[in-house]
Amino acid sequence: MSLSVRFSHVVKEFGPVRVLHGVDFALEAGRVVGLLGENGAGKSTLMKILAGYERPTGGQLLVDGIERHFASARDAEALGIALIHQEFNLAEHLSIAQNIFLGHEKTRGWLLDHRAMARDAAQYLEQVGLDVDANTRVSELIVAEKQLVEIAKALSRKARLLIMDEPTATLSPGETAKLFTLMARLKSEGVTIVYISHKLDEMEKHTDEVVVMRDGKFVTRAHTADVTRQQMANLMVGRDVSDMFLPKAPPPASAPVLLGVSGLTVPGWVENLGFDVRAGEILGFAGLVGAGRTEAFESIVGLRPRSAGTVAIAGQSVKIRSPREAMEHGLTYLSEDRKGKGLHMDLGLRENLTMMTLERDAKPWVDTKAGRAALDQAIADFGIRLRDPDCVARSLSGGNQQKLALAKYLRPGPKVVVLDEPTRGVDVGAKRDIYALIHRLAAEGRAVVVISSELIELIGLCHRVAVLHGGRLNAVLGPDQLTEENLISHATNTHH
Ligand SMILES: Nc1ncnc2c1ncn2[C@@H]1O[C@H](COP(=O)(O)OP(=O)(O)OP(=O)(O)O)[C@@H](O)[C@H]1O
Ligand SMILES: [Mg+2]
């Protein structure tokens with residue numbers, strides 16, 4: 001039932017750029033293997049080769065001892081290999097059911113059997129805990145829901161080897177717990193699982209062994225029980241990465257309020273939300289998926305209609321109808337949906353970086369020198385790892401796309417910075433760099449808002465944390481109240 005796999009000297013080149021340098025290791029049947037490595041190490045690329053989405057330019061892939069050349073994902077699927085994509089691979093304009101059965105449509109005679117597909121899709125949705133009608137269009141879903149559809153789709157392929165590429169990056173704790181229950185069940189049914197994540201606590205709890213990749217090569221493997229989280233972090237980065245967080249320096253009480261929001265109501269999402277962020281302050285936003293955090297800020301920058309509420313920037317009441325107007329007022333919002341809203345995937349890195357300031361600088365020609373300088377700066381500030389500066393955004397690894405998006409949105413030099421899940425999919429080393437950068441933004445006198453689902457991050461980084469539950473502000477926790485227990489109890493409304 002389970003599949004075993006051996007990679008033998010696997011090489012992958014994109015044009016002149018070599019990203020896998022001869023990878024050698026084996027996946028034993030029926031085990032859960034955690035695949036660790038920094039952003040750009042080659043994890044996703046190697047797994048796309050295994051799942052038939054990419055072809056190796058050298059070396060061999062053996063499945064159950066037999067050499068295979070997959071011409072497409074269908075070939076891999078025929079052997080029972082399925083991949084849950086890191087960057088979702090869904091057709092936005094199709095329904096959930098259509099996506100799940102894409103390429104495997106059920107038919108009755110000559111006709112598509114929509115009823116059967118909707119019924120079966122509903123079953124898979126239930127297994128992953130997504131309570132949405134299977135006929136809903138994917139474009140209407142929020143990111144976490146898209147992730148669950150991706151998982152349901154892989155389940156429908158009845159995989160014997162299932163690759164999960166950072167599946168929990170966008171999920172809430174509840175959804176994550178469900179996913180691990182599902183994973184345990186699949187394992188007990190003999191499915192071989194490759195699990196990719198930058199969340200080392202997940203690696204520790206849910207894998208049998210870990211394989212570490214660095215710079216397109218296999219580095220080492222270990223039984224999970226034999227290594228600590230700190231050792232995992234050091235192995236993947238190749239240097240010591242303790243001390244993730246810098247000491248906090250809260251702003252003085254006299255610091256001016258740079259962002260003031262009051263009475264904000266977004267129909268269906270947020271009710272009567274009010275808060276202030278001062279210069280030099282890092283205010284966190286905690287809450288479960290659906291608590292309204294993203295929707296509140298989408299409304300503040302004009303992406304979502306509101307029925308009531310005022311927004312003031314540096315004491316001036318402002319009317320903002322679009323993210324561009326927000327930027328003109330000095331407020332930048334980096335969306336959690338970097339693929340949908342943050343980056344232009346088919347444009348180059350320089351074009352992405354200079355896009356936001358293009359109109360401000362209003363030059364009638366394309367300033368390639370400025371673009372190059374911007375890219376060099378971004379590489380230095382954000383530790384973007386790339387092999388080809390002329391590539392398009394899509395060909396960066398997931399974590400490096402996130403760093404590029406950060407660089408792009410911070411280039412205009414805003415007074416108020418709102419970062420929605422800024423370290424999603426980012427490796428430990430880069431995470432520490434981003435935390436240091438957020439500290440620097442605050443130290444420069446900006447007001448920073450960090451929306452995050454990682455409690456450790458909120459506690460380690462923020463001066464205060466606002467907790468939303470069901471669209472209402474449940475609490476604002478100060479430095480001495482910032483504990484995981486407090487955050488969870490307010491986020492789930494079980495606080496007494
Ligand atoms: N289509 C492509 N064209 C050119 N280069 C690519 C392409 N896809 C990936 N790369 C490059 O291959 C390298 C490995 O990327 P990959 O996505 O496999 O990394 P990863 O280990 O999954 O990283 P992350 O943790 O950020 O997801 C990166 O340098 C990336 O820029
Ligand atoms: Mg990846």
Side-chain angles (χ1 to χ4, degrees), residues 7 10-23 25 33-58 73 83-89 147 150 163-170 194-200 202-203 210-219 232-233 235-238 241 338-339 342-343 345-350 352 375 378-379 382-407 421-434:
F7 299 103
V10 171
V11 172
K12 176 67 184 174
E13 279 144 354
F14 290 104
V17 185
R18 180 174 282 210
V19 301
L20 296 178
H21 297 262
V23 179
F25 69 90
V33 177
L35 189 53
L36 280 173
E38 284 184 285
N39 296 135
K43 306 177 297 291
S44 297
T45 304
L46 186 68
M47 291 303 118
K48 282 181 197 162
I49 288 174
L50 175 55
Y53 289 90
E54 296 279 4
R55 267 148 294 291
T57 40
L83 168 66
I84 298 172
H85 288 265
Q86 173 179 21
E87 300 298 330
F88 316 134
N89 206 19
Q147 179 68 71
E150 224 359 290
I163 305 156
M164 304 180 159
D165 197 350
E166 299 195 44
T168 64
T170 58
V194 179
Y195 190 74
I196 303 179
S197 175
H198 290 290
K199 299 181 182 173
L200 301 178
E202 295 181 348
M203 284 288 169
V210 289
V211 165
V212 182
M213 287 181 67
R214 199 189 304 146
D215 298 329
K217 291 187 208 88
F218 166 85
V219 180
M232 288 184 204
L235 277 174
M236 58 186 269
V237 181
V241 278
R338 67 169 173 262
K339 192 171 183 184
L343 293 175
M345 288 294 176
D346 294 317
L347 287 185
L349 309 183
R350 300 183 192 90
N352 263 292
L375 183 57
I379 290 173
F382 297 85
I384 299 176
R385 292 159 67 95
L386 49 88
R387 299 208 166 62
D388 174 13
D390 293 316
C391 70
V392 294
R394 184 184 305 286
S395 60
L396 287 185
S397 79
N400 282 307
Q401 286 176 5
Q402 178 69 353
K403 296 180 207 167
L404 181 73
L406 271 169
E421 304 286 359
T423 65
R424 173 178 293 162
V426 160
D427 69 54
V428 275
K431 243 182 194 170
R432 196 170 62 168
D433 296 344
I434 290 175

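Numbering of ligands and ligand atoms starts at 1, following listing order.
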- Message: When you measure from the heavy atoms of R394 to every atom of ligand 1, does any distance fall below 4.0 Å?
- Response: no
- Task: Looking only at distances, please establish whether an N/O atom of ligand 1 is found under 3.5 Å from an N/O atom of R385.
- Result: no
- Query: Do you see a donor-acceptor pair shorter than 3.5 Å between the side chains of S197 and E202?
  - Reply: yes
- Item | D390 with R350: basic N within carboxylate O range, under 4.0 Å | yes
- Task: Look at K12 together with E54 and state whether they make a salt bridge at an N to O cut-off of under 4.0 Å.
- Result: yes
- Query: Do N39 and S397 have side-chain N/O donor and acceptor atoms under 3.5 Å apart?
  - Reply: no
- Message: Quick check: closest heavy atoms across Q147 and E166, and the distance to 0.1 Å?
- Response: OE1-O, 3.9 Å
- Message: Do I196 and M164 make a side-chain contact, defined as non-hydrogen atoms from C-beta onward lying under 4.5 Å apart?
- Response: no
- Message: G37 versus ligand 1: do any nitrogen or oxygen atoms come within less than 3.5 Å of each other?
- Response: no
- Item | Contact check, side chains of L347 and V392, non-hydrogen atoms, under 4.5 Å | no
- Message: Quick test: of every protein heavy atom, which one is nearest to atom 12 (O) of ligand 1, and how far off is it to 0.1 Å?
- Response: V19 CG1, 3.0 Å
- Note on the structure: Note: heavy atom closest to atom 17 (O) of ligand 1, options G216, C391, S397, belongs to S397
- Distance filter under 4.0 Å to E166 heavy atoms, resulting ligand 1 atoms: 25 (O), 27 (O)
- Message: I need the atoms of ligand 1 closer than 4.0 Å to a non-hydrogen atom of R387, numbered in the order shown.
- Response: 13 (C), 28 (C), 29 (O)
- Message: For ligand 1, which is the ligand I care about here, please tell me if G399 has any N or O atom under 3.5 Å from one of the ligand's N or O atoms.
- Response: yes
- Message: If the cut-off is 4.0 Å to any non-hydrogen atom of Q86, which atoms of ligand 1 fall inside it?
- Response: 27 (O)
- Query: Can you say whether the rings of H85 and Y53 are parallel (under 30°), tilted (30 to 60°) or perpendicular (over 60°)?
  - Reply: perpendicular
- Query: Does some non-hydrogen atom of E38 fall short of 4.0 Å from ligand 1?
  - Reply: yes
- Query: Hey, are D346 and R394 close enough for a salt bridge, meaning a charged N less than 4.0 Å from a carboxylate O?
  - Reply: yes
- Query: For atom 31 (O) of ligand 1, which protein heavy atom lies nearest, and how many Å away is it?
  - Reply: S395 O, 2.8 Å
- Non-hydrogen atom of G42 closer than 4.0 Å to ligand 1: yes
- Query: Does ligand 1 have an atom that lies less than 4.0 angstrom from a heavy atom of E54?
  - Reply: no
- Task: Decide whether the shortest distance between a heavy atom of D427 and an atom of ligand 1 is less than 4.0 Å.
- Result: no
- Do M213 and L35 have side-chain heavy atoms sitting under 4.5 Å apart? yes
- Going by the 4.0 angstrom heavy-atom rule, the piece of T45 near ligand 1 is both
- Query: Closest non-hydrogen protein atom to atom 14 (C) of ligand 1, residue and atom name please, with distance?
  - Reply: G40 O, 3.4 Å
- Would you mind checking which non-hydrogen protein atom is closest to atom 5 (N) of ligand 1, with the distance to 0.1 Å? F14 CD1, 3.4 Å
- Query: With a 4.0 Å cut-off, would you call D427 and R432 a salt bridge?
  - Reply: no
- Item | Metal site angle (apex the Mg ion (ligand 2)), OE1 from Q86 and OG from S44, 10 degrees | 90°
